[in-house]
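Just the heavy atoms: all of them, side chains too, but no hydrogens, waters or symmetry mates, feed the values below.
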Amino acid sequence: MRTAQDLSDIDSISWDVAVIGAGIAGSVMARELSREGLKVLLIEKKRFPRAKVCGACLNGLALSVLDHLGLTDRIRAAGGVPLHSFFSRQSGRKLNVPVHEGLAISRTVLDPILAEAASESGVRFMQETTASLNGTTENGCRVNLEQHGEKIVITAKAVIVAAGLAPAILSNHKEFSLEIQPNSKIGAGCIIENAPKSYGPGVIYMAVGKGGYVGMVRVEENHLDIASAFDASFLKQQESPGQAARSILQESGFEAIPGIENAKWLGTPALTRRSDPLAMDRVFLLGDSAGYVEPFTGEGMGWALASVILLKPIVLKAVAGWRTEYGLEWKAAYDDFVGNRQRLCKLLARSLARPIISTIAFRCAGIVPGLTGRMVSFINAPFEFGSERVVKS
Ligand SMILES: Cc1cc2nc3c(=O)[nH]c(=O)nc-3n(C[C@H](O)[C@H](O)[C@H](O)COP(=O)(O)OP(=O)(O)OC[C@H]3O[C@@H](n4cnc5c(N)ncnc54)[C@H](O)[C@@H]3O)c2cc1C
(Lines give C-alpha, C1' and ligand atoms only; values in the text may rest on other atoms or scores of the structure.)
Protein backbone atom coordinates (compact mmCIF):
# COMPACT_ATOMS: atom_id res chain seq x y z
CA MET A 1 0.00 0.00 0.00
CA ARG A 2 1.41 3.39 -0.94
CA THR A 3 1.33 5.24 2.39
CA ALA A 4 3.19 8.39 3.31
CA GLN A 5 5.50 7.62 6.22
CA ASP A 6 5.97 11.23 7.26
CA LEU A 7 4.47 14.65 6.70
CA SER A 8 7.48 16.17 4.89
CA ASP A 9 6.15 16.78 1.39
CA ILE A 10 2.43 16.83 2.18
CA ASP A 11 2.02 20.54 2.94
CA SER A 12 3.79 21.67 -0.24
CA ILE A 13 1.10 20.05 -2.40
CA SER A 14 -2.03 21.91 -3.41
CA TRP A 15 -4.72 19.29 -2.67
CA ASP A 16 -8.04 19.21 -4.46
CA VAL A 17 -9.70 17.15 -1.74
CA ALA A 18 -8.74 16.01 1.75
CA VAL A 19 -10.79 13.04 2.98
CA ILE A 20 -10.74 12.57 6.74
CA GLY A 21 -11.26 8.95 7.83
CA ALA A 22 -10.41 5.80 5.86
CA GLY A 23 -13.48 3.75 6.78
CA ILE A 24 -15.68 2.41 4.01
CA ALA A 25 -17.07 5.86 3.11
CA GLY A 26 -13.75 7.74 3.12
CA SER A 27 -11.65 5.23 1.15
CA VAL A 28 -14.25 4.65 -1.55
CA MET A 29 -14.95 8.40 -1.91
CA ALA A 30 -11.20 9.18 -2.10
CA ARG A 31 -10.77 6.54 -4.83
CA GLU A 32 -13.72 7.85 -6.82
CA LEU A 33 -12.44 11.44 -6.76
CA SER A 34 -8.92 10.38 -7.65
CA ARG A 35 -10.29 8.43 -10.62
CA GLU A 36 -11.74 11.75 -11.80
CA GLY A 37 -8.19 13.14 -11.90
CA LEU A 38 -8.25 15.05 -8.59
CA LYS A 39 -5.32 15.22 -6.17
CA VAL A 40 -6.69 13.48 -3.09
CA LEU A 41 -5.25 13.07 0.38
CA LEU A 42 -6.84 10.36 2.58
CA ILE A 43 -6.12 10.75 6.29
CA GLU A 44 -6.64 8.01 8.90
CA LYS A 45 -5.86 8.32 12.59
CA LYS A 46 -5.45 4.58 13.22
CA ARG A 47 -2.88 2.17 11.83
CA PHE A 48 -4.39 -0.44 9.49
CA PRO A 49 -5.40 -3.19 9.88
CA ARG A 50 -7.62 -2.13 12.76
CA ALA A 51 -10.74 -3.67 14.24
CA LYS A 52 -14.05 -1.78 14.20
CA VAL A 53 -17.43 -2.52 15.77
CA CYS A 54 -19.58 -3.66 12.84
CA GLY A 55 -21.90 -6.53 12.00
CA ALA A 56 -19.62 -7.11 8.97
CA CYS A 57 -22.51 -7.77 6.55
CA LEU A 58 -22.41 -6.10 3.15
CA ASN A 59 -26.04 -6.16 1.96
CA GLY A 60 -27.39 -6.06 -1.59
CA LEU A 61 -27.23 -2.27 -1.72
CA ALA A 62 -23.59 -2.18 -0.56
CA LEU A 63 -22.58 -4.97 -2.95
CA SER A 64 -24.29 -3.29 -5.90
CA VAL A 65 -22.14 -0.18 -5.39
CA LEU A 66 -18.93 -2.13 -4.74
CA ASP A 67 -19.62 -4.27 -7.83
CA HIS A 68 -20.20 -1.19 -9.97
CA LEU A 69 -16.87 0.19 -8.79
CA GLY A 70 -15.08 -3.10 -9.49
CA LEU A 71 -14.27 -3.86 -5.86
CA THR A 72 -16.20 -7.04 -4.97
CA ASP A 73 -13.76 -9.57 -6.48
CA ARG A 74 -11.06 -8.52 -4.03
CA ILE A 75 -13.49 -8.80 -1.12
CA ARG A 76 -14.58 -12.29 -2.14
CA ALA A 77 -10.93 -13.28 -2.70
CA ALA A 78 -10.10 -12.12 0.84
CA GLY A 79 -12.55 -14.67 2.26
CA GLY A 80 -15.87 -12.78 2.28
CA VAL A 81 -18.59 -15.33 3.19
CA PRO A 82 -21.78 -15.34 1.03
CA LEU A 83 -24.97 -14.97 3.08
CA HIS A 84 -28.17 -16.96 2.55
CA SER A 85 -30.39 -16.37 5.58
CA PHE A 86 -31.27 -14.32 8.63
CA PHE A 87 -32.17 -16.25 11.79
CA SER A 88 -33.47 -14.42 14.83
CA ARG A 89 -34.64 -15.58 18.25
CA GLN A 90 -36.51 -13.67 20.91
CA SER A 91 -37.65 -15.34 24.16
CA GLY A 92 -37.31 -18.71 22.43
CA ARG A 93 -39.46 -17.68 19.41
CA LYS A 94 -37.73 -18.16 16.05
CA LEU A 95 -37.76 -16.27 12.79
CA ASN A 96 -35.99 -17.52 9.68
CA VAL A 97 -35.88 -15.34 6.56
CA PRO A 98 -34.03 -16.16 3.33
CA VAL A 99 -31.51 -13.55 2.21
CA HIS A 100 -30.63 -13.57 -1.47
CA GLU A 101 -27.62 -11.33 -1.36
CA GLY A 102 -24.89 -10.41 1.08
CA LEU A 103 -21.30 -11.02 2.02
CA ALA A 104 -19.77 -11.12 5.49
CA ILE A 105 -16.24 -9.84 5.99
CA SER A 106 -14.64 -8.28 9.06
CA ARG A 107 -13.70 -4.63 8.97
CA THR A 108 -10.14 -5.63 9.92
CA VAL A 109 -9.88 -7.16 6.44
CA LEU A 110 -12.33 -5.03 4.43
CA ASP A 111 -11.06 -1.54 5.25
CA PRO A 112 -7.41 -2.12 4.22
CA ILE A 113 -8.64 -3.59 0.90
CA LEU A 114 -10.56 -0.37 0.18
CA ALA A 115 -7.70 1.89 1.32
CA GLU A 116 -5.31 -0.11 -0.87
CA ALA A 117 -7.66 0.28 -3.85
CA ALA A 118 -7.70 4.03 -3.19
CA SER A 119 -3.88 4.14 -3.07
CA GLU A 120 -3.67 2.22 -6.34
CA SER A 121 -5.82 4.84 -8.03
CA GLY A 122 -3.40 7.59 -6.99
CA VAL A 123 -4.78 8.65 -3.58
CA ARG A 124 -2.12 9.62 -1.05
CA PHE A 125 -2.99 7.63 2.10
CA MET A 126 -1.66 8.80 5.47
CA GLN A 127 -2.20 6.47 8.43
CA GLU A 128 -1.65 7.24 12.10
CA THR A 129 -2.44 10.86 11.32
CA THR A 130 -5.19 12.79 13.06
CA ALA A 131 -6.90 15.58 11.16
CA SER A 132 -8.81 18.60 12.43
CA LEU A 133 -10.45 21.49 10.61
CA ASN A 134 -8.75 24.87 10.74
CA GLY A 135 -11.08 27.26 8.90
CA THR A 136 -11.60 28.26 5.31
CA THR A 137 -9.65 30.83 3.30
CA GLU A 138 -10.07 32.08 -0.26
CA ASN A 139 -7.83 29.23 -1.42
CA GLY A 140 -9.72 26.49 0.33
CA CYS A 141 -9.98 24.71 3.66
CA ARG A 142 -7.15 24.47 6.09
CA VAL A 143 -6.72 21.10 7.78
CA ASN A 144 -4.38 20.43 10.70
CA LEU A 145 -2.56 17.11 10.58
CA GLU A 146 -0.81 15.55 13.54
CA GLN A 147 1.35 12.47 13.24
CA HIS A 148 3.37 11.21 16.24
CA GLY A 149 3.52 14.71 17.75
CA GLU A 150 4.56 16.41 14.50
CA LYS A 151 2.07 18.97 13.18
CA ILE A 152 1.48 20.60 9.81
CA VAL A 153 -1.34 22.45 8.06
CA ILE A 154 -2.50 21.59 4.56
CA THR A 155 -4.98 23.32 2.26
CA ALA A 156 -7.57 21.57 0.10
CA LYS A 157 -10.28 22.93 -2.18
CA ALA A 158 -12.81 20.66 -0.48
CA VAL A 159 -12.79 18.51 2.63
CA ILE A 160 -14.84 15.40 3.28
CA VAL A 161 -15.37 14.42 6.89
CA ALA A 162 -15.88 10.65 6.88
CA ALA A 163 -14.69 10.21 10.44
CA GLY A 164 -17.40 7.81 11.61
CA LEU A 165 -19.48 8.12 14.75
CA ALA A 166 -17.11 10.19 16.81
CA PRO A 167 -16.18 13.17 14.70
CA ALA A 168 -14.49 15.05 17.57
CA ILE A 169 -13.16 16.96 14.61
CA LEU A 170 -16.46 18.88 14.40
CA SER A 171 -16.76 19.73 18.09
CA ASN A 172 -14.88 23.04 17.65
CA HIS A 173 -17.11 24.00 14.78
CA LYS A 174 -20.32 25.41 16.16
CA GLU A 175 -21.73 25.70 12.61
CA PHE A 176 -22.17 21.91 12.63
CA SER A 177 -24.51 20.58 15.28
CA LEU A 178 -24.94 16.96 16.25
CA GLU A 179 -28.30 15.75 17.50
CA ILE A 180 -28.10 12.47 19.40
CA GLN A 181 -31.38 10.64 19.95
CA PRO A 182 -32.20 10.38 23.66
CA ASN A 183 -31.95 6.76 24.87
CA SER A 184 -29.94 5.84 21.82
CA LYS A 185 -28.36 2.40 22.04
CA ILE A 186 -24.59 1.88 22.44
CA GLY A 187 -22.67 -0.41 20.07
CA ALA A 188 -20.14 -3.04 21.13
CA GLY A 189 -18.45 -5.85 19.27
CA CYS A 190 -15.70 -8.45 19.19
CA ILE A 191 -14.38 -11.36 17.13
CA ILE A 192 -14.47 -14.94 18.46
CA GLU A 193 -12.01 -17.35 16.84
CA ASN A 194 -13.56 -20.63 18.03
CA ALA A 195 -17.32 -20.35 18.20
CA PRO A 196 -19.70 -23.35 18.53
CA LYS A 197 -20.58 -25.16 15.29
CA SER A 198 -24.27 -24.27 15.71
CA TYR A 199 -23.31 -20.84 14.36
CA GLY A 200 -22.82 -21.93 10.77
CA PRO A 201 -21.50 -19.85 7.84
CA GLY A 202 -23.88 -17.88 5.61
CA VAL A 203 -26.42 -17.07 8.34
CA ILE A 204 -26.90 -13.75 10.13
CA TYR A 205 -27.89 -14.73 13.69
CA MET A 206 -29.75 -12.11 15.72
CA ALA A 207 -30.45 -12.60 19.42
CA VAL A 208 -33.08 -10.15 20.63
CA GLY A 209 -33.44 -9.45 24.34
CA LYS A 210 -34.95 -6.84 26.65
CA GLY A 211 -31.66 -4.94 26.91
CA GLY A 212 -30.82 -4.89 23.19
CA TYR A 213 -29.72 -7.26 20.44
CA VAL A 214 -26.63 -9.21 19.44
CA GLY A 215 -25.82 -9.97 15.79
CA MET A 216 -23.44 -12.79 14.88
CA VAL A 217 -22.04 -13.93 11.56
CA ARG A 218 -19.15 -16.07 10.33
CA VAL A 219 -16.53 -14.01 8.50
CA GLU A 220 -13.20 -14.94 6.87
CA GLU A 221 -11.19 -17.74 8.54
CA ASN A 222 -14.42 -19.02 10.08
CA HIS A 223 -14.18 -16.39 12.84
CA LEU A 224 -17.46 -15.22 14.38
CA ASP A 225 -18.04 -11.46 14.21
CA ILE A 226 -20.26 -10.28 17.08
CA ALA A 227 -21.85 -6.83 16.98
CA SER A 228 -24.38 -5.66 19.55
CA ALA A 229 -26.57 -2.68 20.29
CA PHE A 230 -27.35 -2.36 23.99
CA ASP A 231 -29.58 -0.03 25.96
CA ALA A 232 -27.22 2.18 27.96
CA SER A 233 -29.12 1.42 31.21
CA PHE A 234 -28.93 -2.36 30.59
CA LEU A 235 -25.21 -2.17 29.84
CA LYS A 236 -24.59 -0.28 33.09
CA GLN A 237 -26.21 -3.10 35.08
CA GLN A 238 -23.87 -5.69 33.50
CA GLU A 239 -20.25 -6.25 34.43
CA SER A 240 -19.05 -5.90 30.83
CA PRO A 241 -20.30 -5.93 27.21
CA GLY A 242 -19.38 -9.65 27.09
CA GLN A 243 -21.62 -10.32 30.09
CA ALA A 244 -24.43 -8.27 28.47
CA ALA A 245 -24.15 -10.31 25.25
CA ARG A 246 -24.06 -13.60 27.20
CA SER A 247 -27.23 -12.62 29.01
CA ILE A 248 -29.08 -11.72 25.76
CA LEU A 249 -28.01 -15.00 24.11
CA GLN A 250 -29.40 -16.92 27.08
CA GLU A 251 -32.65 -14.92 27.23
CA SER A 252 -33.32 -15.37 23.49
CA GLY A 253 -32.50 -19.09 23.39
CA PHE A 254 -29.19 -19.10 21.49
CA GLU A 255 -26.33 -21.44 22.43
CA ALA A 256 -23.79 -19.88 24.79
CA ILE A 257 -20.46 -18.86 23.25
CA PRO A 258 -17.52 -19.88 25.44
CA GLY A 259 -15.05 -17.03 26.05
CA ILE A 260 -17.49 -14.29 25.05
CA GLU A 261 -17.08 -12.45 28.37
CA ASN A 262 -13.29 -12.32 28.08
CA ALA A 263 -13.05 -11.47 24.38
CA LYS A 264 -11.53 -8.15 23.31
CA TRP A 265 -14.65 -5.95 23.09
CA LEU A 266 -14.68 -2.54 21.44
CA GLY A 267 -17.42 0.02 22.03
CA THR A 268 -19.04 2.96 20.24
CA PRO A 269 -20.66 6.18 21.43
CA ALA A 270 -24.48 6.56 21.27
CA LEU A 271 -25.54 5.28 17.85
CA THR A 272 -28.61 7.15 16.61
CA ARG A 273 -27.70 10.67 15.57
CA ARG A 274 -27.97 13.27 12.87
CA SER A 275 -25.60 16.10 11.89
CA ASP A 276 -26.84 19.43 10.60
CA PRO A 277 -25.96 20.96 8.19
CA LEU A 278 -24.41 18.25 6.04
CA ALA A 279 -22.09 20.68 4.27
CA MET A 280 -20.76 24.17 4.74
CA ASP A 281 -17.91 26.26 3.33
CA ARG A 282 -16.39 23.43 1.23
CA VAL A 283 -16.69 20.87 4.05
CA PHE A 284 -18.99 17.87 3.44
CA LEU A 285 -20.07 15.24 5.97
CA LEU A 286 -20.28 11.66 4.71
CA GLY A 287 -21.13 8.21 6.10
CA ASP A 288 -21.77 7.89 9.85
CA SER A 289 -20.48 11.46 10.33
CA ALA A 290 -23.58 12.68 8.45
CA GLY A 291 -26.00 10.54 10.46
CA TYR A 292 -26.64 7.04 11.70
CA VAL A 293 -29.49 4.93 12.99
CA GLU A 294 -28.86 1.92 15.21
CA PRO A 295 -27.85 -1.17 13.23
CA PHE A 296 -30.93 -3.42 13.48
CA THR A 297 -31.22 -3.75 9.68
CA GLY A 298 -27.43 -3.78 9.14
CA GLU A 299 -27.39 -1.17 6.40
CA GLY A 300 -24.80 1.44 7.46
CA MET A 301 -22.18 0.41 4.89
CA GLY A 302 -24.81 0.42 2.12
CA TRP A 303 -25.94 3.92 3.15
CA ALA A 304 -22.30 5.08 3.20
CA LEU A 305 -21.54 3.62 -0.24
CA ALA A 306 -24.72 4.96 -1.86
CA SER A 307 -23.83 8.34 -0.34
CA VAL A 308 -20.46 8.27 -2.12
CA ILE A 309 -22.26 7.97 -5.46
CA LEU A 310 -24.69 10.76 -4.56
CA LEU A 311 -22.08 13.15 -3.16
CA LYS A 312 -19.36 12.72 -5.78
CA PRO A 313 -20.85 15.02 -8.48
CA ILE A 314 -21.46 17.73 -5.88
CA VAL A 315 -17.86 17.58 -4.65
CA LEU A 316 -16.57 17.75 -8.21
CA LYS A 317 -18.41 21.06 -8.63
CA ALA A 318 -17.32 22.35 -5.21
CA VAL A 319 -13.67 21.81 -6.11
CA ALA A 320 -14.14 24.19 -9.03
CA GLY A 321 -15.64 26.83 -6.72
CA TRP A 322 -17.85 26.76 -3.62
CA ARG A 323 -21.50 27.79 -3.76
CA THR A 324 -23.95 27.61 -0.86
CA GLU A 325 -26.42 25.64 -3.02
CA TYR A 326 -24.05 22.67 -2.98
CA GLY A 327 -24.77 22.13 0.70
CA LEU A 328 -28.50 22.17 0.02
CA GLU A 329 -28.09 19.76 -2.90
CA TRP A 330 -26.20 17.33 -0.70
CA LYS A 331 -28.86 17.51 2.02
CA ALA A 332 -31.66 16.96 -0.50
CA ALA A 333 -29.92 13.98 -2.13
CA TYR A 334 -29.09 12.50 1.29
CA ASP A 335 -32.61 12.90 2.71
CA ASP A 336 -34.11 11.45 -0.43
CA PHE A 337 -32.12 8.24 -0.38
CA VAL A 338 -30.50 7.61 3.01
CA GLY A 339 -33.04 9.51 5.13
CA ASN A 340 -35.94 7.36 3.90
CA ARG A 341 -34.12 4.13 4.63
CA GLN A 342 -33.02 5.35 8.04
CA ARG A 343 -36.64 6.11 8.93
CA LEU A 344 -37.68 2.49 8.23
CA CYS A 345 -34.74 1.17 10.26
CA LYS A 346 -35.67 3.51 13.16
CA LEU A 347 -39.26 2.29 13.05
CA LEU A 348 -38.24 -1.38 13.19
CA ALA A 349 -35.74 -0.71 15.97
CA ARG A 350 -38.35 1.21 17.98
CA SER A 351 -40.86 -1.60 17.68
CA LEU A 352 -38.24 -4.00 19.08
CA ALA A 353 -37.89 -1.80 22.12
CA ARG A 354 -41.59 -2.31 22.93
CA PRO A 355 -42.08 -5.91 24.08
CA ILE A 356 -45.77 -6.16 23.07
CA ILE A 357 -45.15 -4.77 19.58
CA SER A 358 -42.06 -6.88 19.05
CA THR A 359 -43.93 -10.04 20.15
CA ILE A 360 -46.70 -9.27 17.65
CA ALA A 361 -44.11 -8.43 14.98
CA PHE A 362 -42.28 -11.72 15.55
CA ARG A 363 -45.59 -13.66 15.34
CA CYS A 364 -46.76 -11.80 12.21
CA ALA A 365 -43.40 -12.25 10.52
CA GLY A 366 -43.62 -15.98 11.21
CA ILE A 367 -47.21 -16.24 9.96
CA VAL A 368 -46.83 -13.96 6.93
CA PRO A 369 -43.27 -14.57 5.72
CA GLY A 370 -43.99 -12.68 2.46
CA LEU A 371 -44.16 -9.43 4.44
CA THR A 372 -40.75 -9.97 5.98
CA GLY A 373 -39.37 -11.06 2.62
CA ARG A 374 -40.58 -7.83 1.01
CA MET A 375 -38.89 -5.79 3.74
CA VAL A 376 -35.63 -7.71 3.27
CA SER A 377 -35.89 -7.15 -0.51
CA PHE A 378 -36.36 -3.40 0.03
CA ILE A 379 -33.35 -3.22 2.36
CA ASN A 380 -31.23 -5.22 -0.08
CA ALA A 381 -32.39 -3.49 -3.26
CA PRO A 382 -29.41 -2.62 -5.46
CA PHE A 383 -28.52 1.00 -6.11
CA GLU A 384 -30.10 2.15 -9.35
CA PHE A 385 -27.26 3.81 -11.18
CA GLY A 386 -28.45 6.60 -13.44
CA SER A 387 -31.44 7.33 -11.20
CA GLU A 388 -29.43 9.67 -8.96
CA ARG A 389 -30.87 13.12 -8.51
CA VAL A 390 -29.58 15.18 -11.45
CA VAL A 391 -27.31 17.85 -10.07
CA LYS A 392 -27.42 21.11 -12.02
CA SER A 393 -24.07 22.79 -12.60
C1 LIG B 1 -23.04 -2.73 16.32
C2 LIG B 1 -22.96 -2.32 14.88
C3 LIG B 1 -23.26 -3.25 13.88
C4 LIG B 1 -23.25 -2.86 12.55
N5 LIG B 1 -23.51 -3.78 11.58
C6 LIG B 1 -23.49 -3.43 10.29
C7 LIG B 1 -23.69 -4.40 9.26
O8 LIG B 1 -23.80 -5.61 9.50
N9 LIG B 1 -23.74 -3.97 7.97
C10 LIG B 1 -23.57 -2.65 7.65
O11 LIG B 1 -23.66 -2.31 6.46
N12 LIG B 1 -23.32 -1.72 8.59
C13 LIG B 1 -23.25 -2.08 9.89
N14 LIG B 1 -22.97 -1.15 10.86
C15 LIG B 1 -22.73 0.25 10.44
C16 LIG B 1 -21.35 0.47 9.83
O17 LIG B 1 -20.35 -0.04 10.68
C18 LIG B 1 -21.13 1.97 9.61
O19 LIG B 1 -22.28 2.56 9.10
C20 LIG B 1 -19.96 2.21 8.65
O21 LIG B 1 -18.77 1.73 9.21
C22 LIG B 1 -19.81 3.71 8.35
O23 LIG B 1 -18.61 3.92 7.67
P24 LIG B 1 -17.83 5.29 7.78
O25 LIG B 1 -16.77 5.21 6.75
O26 LIG B 1 -18.79 6.42 7.76
O27 LIG B 1 -17.19 5.31 9.25
P28 LIG B 1 -16.12 4.36 9.90
O29 LIG B 1 -16.14 3.03 9.27
O30 LIG B 1 -16.35 4.45 11.38
O31 LIG B 1 -14.71 5.02 9.56
C32 LIG B 1 -14.30 6.24 10.11
C33 LIG B 1 -12.77 6.29 10.12
O34 LIG B 1 -12.36 7.63 10.45
C35 LIG B 1 -11.22 7.56 11.28
N36 LIG B 1 -11.14 8.85 11.98
C37 LIG B 1 -11.98 9.34 12.93
N38 LIG B 1 -11.60 10.58 13.31
C39 LIG B 1 -10.49 10.89 12.58
C40 LIG B 1 -9.64 12.02 12.52
N41 LIG B 1 -9.85 13.11 13.27
N42 LIG B 1 -8.57 12.01 11.67
C43 LIG B 1 -8.34 10.91 10.88
N44 LIG B 1 -9.12 9.80 10.90
C45 LIG B 1 -10.19 9.79 11.73
C46 LIG B 1 -11.53 6.37 12.17
O47 LIG B 1 -10.34 5.85 12.76
C48 LIG B 1 -12.16 5.39 11.18
O49 LIG B 1 -11.21 4.54 10.58
C50 LIG B 1 -22.94 -1.51 12.20
C51 LIG B 1 -22.61 -0.60 13.19
C52 LIG B 1 -22.61 -0.98 14.52
C53 LIG B 1 -22.22 0.02 15.56
Side-chain angles (χ1 to χ4, degrees), residues 1-5 10 13 15-52 54 56-82 101-129 131 156 158-164 219-221 225 284 286-289 300-313 315-316 319 382-383 385:
M1 200 185 299
R2 193 175 139 222
T3 56
Q5 295 306 308
I10 296 291
I13 296 171
W15 297 99
D16 290 315
V17 184
V19 179
I20 302 174
I24 190 159
S27 285
V28 176
M29 182 51 125
R31 177 174 181 263
E32 280 311 285
L33 295 171
S34 177
R35 286 178 359 141
E36 293 290 335
L38 300 188
K39 247 183 270 168
V40 183
L41 180 64
L42 174 62
I43 308 142
E44 168 57 49
K45 71 176 177 190
K46 299 261 174 72
R47 182 170 187 81
F48 278 12
R50 56 101 177 88
K52 140 125 188 66
C54 184
C57 296
L58 291 162
N59 68 3
L61 172 64
L63 286 176
S64 68
V65 177
L66 290 167
D67 232 1
H68 185 82
L69 304 181
L71 291 166
T72 36
D73 287 351
R74 308 173 183 225
I75 300 170
R76 288 180 203 279
V81 181
E101 261 133 329
L103 207 58
I105 185 150
S106 76
R107 298 296 295 273
T108 316
V109 171
L110 175 63
D111 290 24
I113 291 176
L114 300 178
E116 169 109 41
S119 294
E120 283 169 13
S121 75
V123 170
R124 187 75 174 263
F125 179 39
M126 309 264 310
Q127 305 186 56
E128 296 182 279
T129 306
V159 171
I160 293 168
V161 176
V219 289
E220 71 286 343
E221 294 181 23
D225 180 285
F284 293 88
L286 177 68
D288 285 1
S289 292
M301 292 190 280
W303 296 333
L305 288 165
S307 296
V308 168
I309 304 299
L310 297 169
L311 179 57
K312 176 177 148 183
V315 176
L316 289 175
V319 165
F383 190 85
F385 287 91

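How far CD of E128 is from CZ of R47: 4.5 Å, rounded to the nearest 0.5 Å. Atom-to-atom distance recorded for S307:OG and M29:CE is 8.5 Å, nearest 0.5 angstrom.
Counting only heavy atoms from C-beta outward, the side chains of V159 and F284 never approach each other to under 4.5 Å. The closest side-chain heavy-atom distance from W15 to R124 is below 4.5 Å. Put simply, the side chain of N59 does not reach to within 4.5 Å of the side chain of L63, judged on heavy atoms. When side chains are defined from C-beta on, L71 does not count as touching I113, because their heavy atoms never get closer than 4.5 Å. Counting heavy atoms from C-beta on, the side chains of V308 and V65 never come closer than 4.5 Å. Side-chain contact between I75 and L58 is present, with at least one heavy-atom pair separated by less than 4.5 Å. R50 is not listed as a side-chain neighbour of T108, based on a closest heavy-atom distance of 4.5 Å or more. Under the 4.5 Å side-chain criterion, counting only non-hydrogen atoms from C-beta, R107 is in contact with I24.
Contact record, A158 with V319: CB-CG2, 4.1 Å, taken as the closest heavy-atom pair. The nearest pair of heavy atoms linking G287 to A25 is CA-CB, 4.1 Å. In plain terms, the two heavy atoms of V123 and A30 that are nearest each other are CG2-O, 3.3 Å. Nearest heavy atom pair, residue A115 against residue F125, reads CB-CE2, 3.8 Å.
Residues forming a side chain to side chain contact (heavy atoms under 4.5 Å, CB included) with S64 (at least two apart in sequence, or on another chain): L61, P382, F383. Under the rule for a side chain to side chain donor-acceptor pair (under 3.5 Å), E221 has no partner lying at least two apart in sequence or in another chain.
Counting only distance, with no hydrogens or angles, the side chain of R31 and the backbone of E116 share no donor-acceptor pair below 3.5 Å. Here the side chain of S289 pairs a donor or acceptor atom with the backbone of A163 at under 3.5 angstrom.
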| said: Pair V17, I160 - check side-chain contact (heavy atoms from CB on, under 4.5 Å), show working. | reply: CA-CA 7 Å; V17 184; I160 293 168; 4.0 Å; yes
| request: Show your reasoning for whether salt bridge (Lys or Arg N to Asp or Glu O under 4.0 Å) applies to D111 and K52. | output: CA-CA 9 Å; D111 290 24; K52 140 125 188 66; over 6 Å; no
| said: Pair R74, E120 - check salt bridge (Lys or Arg N to Asp or Glu O under 4.0 Å), show working. | reply: CA-CA 13 Å; R74 308 173 183 225; E120 283 169 13; 2.8 Å; yes
| Derivation of the side-chain contact (heavy atoms from CB on, under 4.5 Å) call for D67 and D73 | CA-CA 8 Å; D67 232 1; D73 287 351; 5.5 Å; no
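A salt bridge does not link R76 to E220: none of the charged side-chain nitrogens sits closer than 4.0 Å to a carboxylate oxygen.
At a cut-off of 3.5 Å, with distance as the only test, no side-chain donor of D225 or S106 sits close to an acceptor on the other residue.
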Return all side-chain donor-acceptor pairs below 3.5 angstrom for residues 33-44, not counting sequence neighbours, or 'none' if the list is empty.
from	atom 1	to	atom 2	distance (Å)
S34	OG	S121	O	2.6
R35	NE	E32	OE2	3.3
R35	NH2	E32	OE2	3.4
E36	OE2	K312	NZ	3.0
E44	OE1	A22	N	2.9
E44	OE2	K46	N	2.8

